[in-house]
Amino acid sequence: MNLVVFDFCETLVNFQTANAFVDFVAERKITTWSRFISKLETVLLYSRFFAIVDRFFSKCNFSKRVNLMKIRGYKEFDILNYANDYYNTIIRDNTLKLIVSELEKYVNQGDYVMIASGGYDVYLNKFAKDFGIKQVISTNIEFKKGKASGFYVDGKDCLFDEKVIQLNQFLNKNNLKFDKKIVFTDSITDLPLLMWANEAYVVSNRTTQTWPGKYNFKEIVL
């Protein structure tokens with residue numbers, strides 16, 4: 001049996017889902033706090049503050065952390081309901097059918113299929129349930145006393161090396177071993193994940209890219 005790991009954003013769907021989900025929630029339940037964070041976000045964007053921070057702390061993804069603060073204080077029950085709406089009205093209409101068909105092929109032949117994504121657990125779990133995916137490794141929204149704290153669980157954003165760290169922890173904890181590790185992703189930021197795999201596929205949009213060939217990765221051009 002093989003382990004097959006799929007990135008989510010711009011791999012299984014055609015857009016970046018994390019900030020879009022937070023905005024989806026905040027637009028449907030506007031609070032004084034969410035309005036304040038939205039204005040702060042705009043100021044930081046146009047002042048190029050995010051760009052400067054990213055230049056020196058590229059793995060921090062500070063703009064994403066600020067964006068999540070919009071839903072601080074929102075009830076967990078409401079966020080889970082919005083996640084269901086987001087999945088049904090946005091995610092399902094924006095899947096990349098060629099890659100989803102690859103996913104379904106591996107599921108149907110009995111391989112162990114996982115998602116490793118910087119997207120949020122609350123909607124990724126719904127996608128996983130619909131498609132028979134065994135496990136989701138993701139950025140998890142923290143809830144305290146039934147409300148969103150505005151932070152990630154353990155402060156961890158599932159990007160860059162963190163994907164490999166969490167995957168290895170999960171495999172070791174469950175004593176899982178496979179014949180081969182196969183990975184699908186669109187981004188060079190997932191280079192640690194691609195290098196971890198025995199067989200790596202880069203998903204490119206419309207045109208081929210130069211960097212996959214440098215590492216002898218296979219490429220799928222949509």
For [X] and [Y], I'd like to know if the aromatic rings sit close, meaning centre-to-centre distance below 6.0 Å.
X      : Y      : result
Tyr201 : Phe217 : no
Tyr86  : Phe24  : yes
Tyr112 : Tyr106 : no

- Task: Could you check whether the rings of Phe127 and Phe131 sit parallel, tilted or perpendicular, using 30° and 60° as the cut-offs?
- Result: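 The rings of Phe127 and Phe131 lie parallel, inter-plane angle below 30°.
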- Item | Ion pair check, Asp157 and Arg65, cut-off under 4.0 Å |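 Result for this pair is no, no salt bridge flagged.
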- Task: Considering only NZ, NE, NH1 and NH2 on the basic side and carboxylate oxygens on the acidic side, decide whether Asp85 and Arg28 come within less than 4.0 Å.
- Result: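 So Asp85 does not pair with Arg28 through a salt bridge.
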- Message: So if I apply the salt bridge (Lys or Arg N to Asp or Glu O under 4.0 Å) rule between Asp23 and each of Lys70, Lys29, Lys64, which one comes out positive?
- Response: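 Single salt bridge (Lys or Arg N to Asp or Glu O under 4.0 Å) partner of Asp23 among Lys70, Lys29, Lys64: Lys70.
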- Query: Do Ser187 and Glu10 have a side chain donor and acceptor closer than 3.5 Å?
  - Reply: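 Looking only at side-chain atoms, Glu10 and Ser187 do not form any donor-acceptor pair under 3.5 Å.
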Which donor-acceptor pairs under 3.5 Å do side chains of residues 91-99 form with protein atoms, sequence neighbours excluded?
from, atom 1, to, atom 2, distance (Å)
Arg92, NH1, Asn88, OD1, 3.3
Asn94, OD1, Asn14, ND2, 3.4
Asn94, ND2, Ile90, O, 2.8

- Message: Per the salt bridge (Lys or Arg N to Asp or Glu O under 4.0 Å) rule, what does the pair list look like for residues 172-186, sequence neighbours excluded?
- Response: Lys180-Glu199
- Give the cluster check for Ile182 versus Leu167: same hydrophobic cluster or not, with ILVMFWY residues linked at side-chain heavy-atom distances below 4.5 Å.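 No; Leu167 is not reachable from Ile182 via cluster members.
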- Can you name the ring pair (Phe, Tyr, Trp, His ring centres under 6.0 Å) partners of Phe15, sequence neighbours left out?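 Expected list: none.
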